[in-house]
Structure formats: C-alpha cells, structure tokens
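Working notes, beginning with the structure itself.
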Amino acid sequence: MSALPNREEKITLDTFLRGLWEENPVFVMLLGLCPVLAVTNSTMNAIAMGLATTFVLVASSTLVSLLRRVIPKQVRIATYIIIIATFVTIVDYVIQAISLDLYNALGAFIQLIVANCVILGRAEAYASKQRVGASVVNALGMGAGFTVALLCLGTVRELLGAGTILGFQIFSANFEPWVVMILPPGGFFVLGAWLLLFEYLKQRKERKLLDSEGAIS
Amino acid sequence: MDPNSLTFIFLNAALINNFVLALFLGLCPFLGVSAKRETAWNMGLATMFVMLVSSVSAYAINWMLTELEIEFLRLICYIAVIASAVQLVEMTVKKFSPALFRALGIFLPLITTNCAILGLALFQTFREYDFLQSLAFSLGAGAGFTLALMLMAGLREKLELARVPSVSRGAAMSLMLAGLLSLAFMGFAGLGGSHA
C-alpha cells in the first residue's frame, strides 16, 4: 500500500455532521449556488433537486474513492468530470421516466448538476484521499446539508411568493402574494437574508464568548 | 420582434434572460471575481471566448451524435469539449499575460465548472438553433455575462468606501446587490416577452 499524503480518517459522527452544519456547502462555503437559486421557487422542486444532487454526490464519491489509486494524477480532474457526467446522465433519464412534469419544471438544471462545484470539490478534496466508507458518509452529509439549504430557500420563497407550502394553502385568502419572491430577484434576497442571519448568530456567539472570558480574568 | 431573428436572440441572451441575473448561471465567478473592475473585464472576455468556442463545437458534436443516434452521450461530450477549450484559454493567457493569469487565479480553470457555459450548450441544443443563431446566442450570453460582472464590480468598488453594518459585510451584501440588479434587469422583460 503506497503512502498517501493525507492521513486517512476514521468514520465518526462528525464525518457526517460536518456537511450539515460546520462546512455546509451552501451557507458556509458558498458552493453550487446556481441550482440553489434557480430551482427553489417551490418546495417540491427543491426536494427533487436536493435528492438528485445527493445521489450523484454519493455515487461519484464512491467511484472516485474506489479508483483513487488507479487514476493518474495529471488527468484526475477530467476523469472526475467524466464520472460525474455519467451519473448525471443516469439521473436525467430516471427523472424523465418517473415524472415528466418534474423534469420540465427543473429543465436544464438536472444536466447542469455536472457543473455543480460541490461535487467536484468533494471528489478532489475528500474522496480522492479517503477510504470508501468515510467518503460515502461524508458525501451523504454534504448531500444532506445541500438539501437542507435548498429546503430553507424553497419553503421561504414558496410561502411568501404564493402563500403555500408543497401546494397546501397556508395563509388565508386575503394574503397578497409577494410575487417577486418567486421571480429571480427573490432568490438573491432570500439567500442574502439567510446569510445575514447566520452571520448575526456567529457574531453574537463570539461576543458572548468574549464576555465570559472577560468575566473569568 | 421575430423570436427567431438574430438580433432578438442576441438581445434575449444579453438582457431579457441575462444568464447571471435571470437564469442564475455562472454565479461562482460572478461573486468571486467581481471585486475589481479590471479583473472582472478580463474574466468576462475569457468566458466569452470559451463560450464562443464551446458553442461552435457543441453545434458540430450535436450534429454528429444525432447522425449516429447516440444522443445519450451528449452531456459527456459537451463537458469534455468545454474542459479542452478552457485548457486552451489557460495556456494562451499564461503565455501572453502572466499578470492576468495570477489575477484570475483559481477562477480560470474553474470556468470548466461554470454552469453558464454548459448551460449555453444545452440551451442551444434544446431550442434547436441553427449555426448562425447559435453564434448570436453565445455572443449575447457572453456580452450579458460581462455586463453583469462589470456592473457588480463597479458597485462593489463603491461599497468599499461605504460604512455598512459588520453583519452584512461579504457575501450577504453581494447577494443583496445582485438581487437589486436582477430586479432592474426584470425591466427588460418588456422588450419581448418571456422566451425562456
């Protein structure tokens, strides 16, 4: 067994949870924003996109991890892209077979999963250096984090823009929908608002930590 | 305006359905390289060139795949062509302008995973554009991308001097700005209805 530059990681709960919170691909690393903003005008689209991306993420991480000693270093990015494109083609045809309505709603964005930097980033930064088990768990965590982020945007946008969640009426009939939330600008505004919230929470935590340290000394 | 005329396709891709602000394609470089106007301009030009090359190649490949009836390989072929085109641009830039090469940094190879370029190739296939229409489409998309990038860079340069609450520094502020720009671009919808 050749020595790998990075230490191989043991699978812990943290391997999974990291993707959900600490290294959330959307809210913390700001990766893969295109699908996040483009398909989140309804909750249903958000769920479908999240699941499709998670599948491609897990499948490609597994394959990359299995082949990590076989792929020559010089052509690794091209190889990863081909692996990812293969799985995306599979997802594309599967969704077409299951629900044509969903396929039309998501449009070109299913095929554009290929260009999602979260997946290539995982392949390059994690799966190419770690054992299969750890890679799968990590990919599952990242996929879950991505799906949660999509849901955060999708529900807020659908609720404010149409007054519904998953098609069920939430507000009374008097509610005037904020149509702008479903349109492109709404995507930018809602994601911006979430980031503001997280930044506020982070700064408040730091301030509290500083205060408590001051009290001890 | 006739929706199939070259002028309309160009305007549609550049303004009405701007790739960045209306279709959310290519957001990573849009948020990543828009801090300075000069870098933004060069990034815009590089992307435009890759778009042009990929569009022409995608047209040829699609014709070939349809003849051979193996359309399911389309996605893989497109991404391979785009990756090669990016490699070409990278070598050219490195040779002729090392300073620019350093300024663009990681975002130059990342043009490969810029969804605007793959999106362009896929859209022109879905809409069954002929050769000239594809050219107009890719030029319009490139111009629209450069325009959005330059507008954003101009705004962010001004914001450097403004006092904003510490919470909203960084990505959150950029996204709010993008939202306002996108709102402004919605006004162009009046030019010719939605032809998404």
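What you are looking at is a predicted structure, and each value in this text was computed from that prediction instead of being measured. Hydrogens, waters and symmetry mates play no part in the numbers below; they use all other heavy atoms, side chains included. Protein chains get the first letters and strands the later ones, always in sequence-line order, with residue 1 at the start of each.
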Relative to chain B, which segment of [X] carries a heavy atom at a distance below 4.5 Å: side chain, backbone, both, or neither?
{"X": "A:L37", "answer": "both"}
{"X": "A:A78", "answer": "neither"}
{"X": "A:I77", "answer": "neither"}
{"X": "A:Q111", "answer": "both"}
{"X": "A:V180", "answer": "side chain"}

Test side-chain contact (heavy atoms from CB on, under 4.5 Å) applied to B:L75 and A:D92, step by step: CA-CA 10 Å; B:L75 194 58; A:D92 187 53; over 6 Å; no

Under a 4.5 Å heavy-atom cut-off, does chain A meet the side chain of [X], its backbone, both or neither?
{"X": "B:M173", "value": "neither"}
{"X": "B:S166", "value": "both"}
{"X": "B:F72", "value": "both"}
{"X": "B:I79", "value": "side chain"}
{"X": "B:L122", "value": "side chain"}
{"X": "B:A171", "value": "both"}
{"X": "B:L180", "value": "both"}

Drop me the distance from [X]'s [atom1] to [Y]'s [atom2], to the nearest 0.5 angstrom.
{"X": "A:L30", "Y": "B:L31", "atom1": "CG", "atom2": "CG", "result": "7.5 Å"}
{"X": "A:L33", "Y": "B:L175", "atom1": "CG", "atom2": "CG", "result": "7.0 Å"}
{"X": "B:C115", "Y": "A:I113", "atom1": "SG", "atom2": "CD1", "result": "11.5 Å"}
{"X": "A:I81", "Y": "B:I82", "atom1": "CD1", "atom2": "CD1", "result": "9.0 Å"}

For a 4.5 angstrom cut-off between non-hydrogen side-chain atoms, does A:T89 reach B:R74?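 No; the side chains remain at least 4.5 Å from each other.
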
Would you say [atom1] of [X] has more than 12 non-hydrogen atoms from neighbouring residues, nucleotides or ligands within 6.0 angstrom?
{"X": "A:E206", "atom1": "CD", "answer": "yes"}
{"X": "A:Y200", "atom1": "OH", "answer": "no"}
{"X": "A:R76", "atom1": "CZ", "answer": "yes"}

If we define contacts as heavy-atom pairs under 4.5 Å, which of B:A184, B:S84, B:A22 has the most with chain A?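 Most heavy-atom pairs within the cutoff with chain A belong to B:A22.
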
Heavy atoms only: give me the nearest [X]-[Y] pair and the separation to one decimal.
{"X": "B:M176", "Y": "A:G192", "value": "CE-C, 3.7 Å"}
{"X": "B:G119", "Y": "A:L112", "value": "N-CD2, 3.5 Å"}
{"X": "B:F24", "Y": "A:P184", "value": "CZ-O, 3.2 Å"}

Choice from A:P185, A:A85, A:G187 maximising heavy atom contacts with chain B below 4.5 Å: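 The answer is A:P185.
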
Could you walk me through whether B:L25 and A:F109 pass the side-chain contact (heavy atoms from CB on, under 4.5 Å) test, one step at a time? CA-CA 10 Å; B:L25 296 170; A:F109 278 95; 3.9 Å; yes

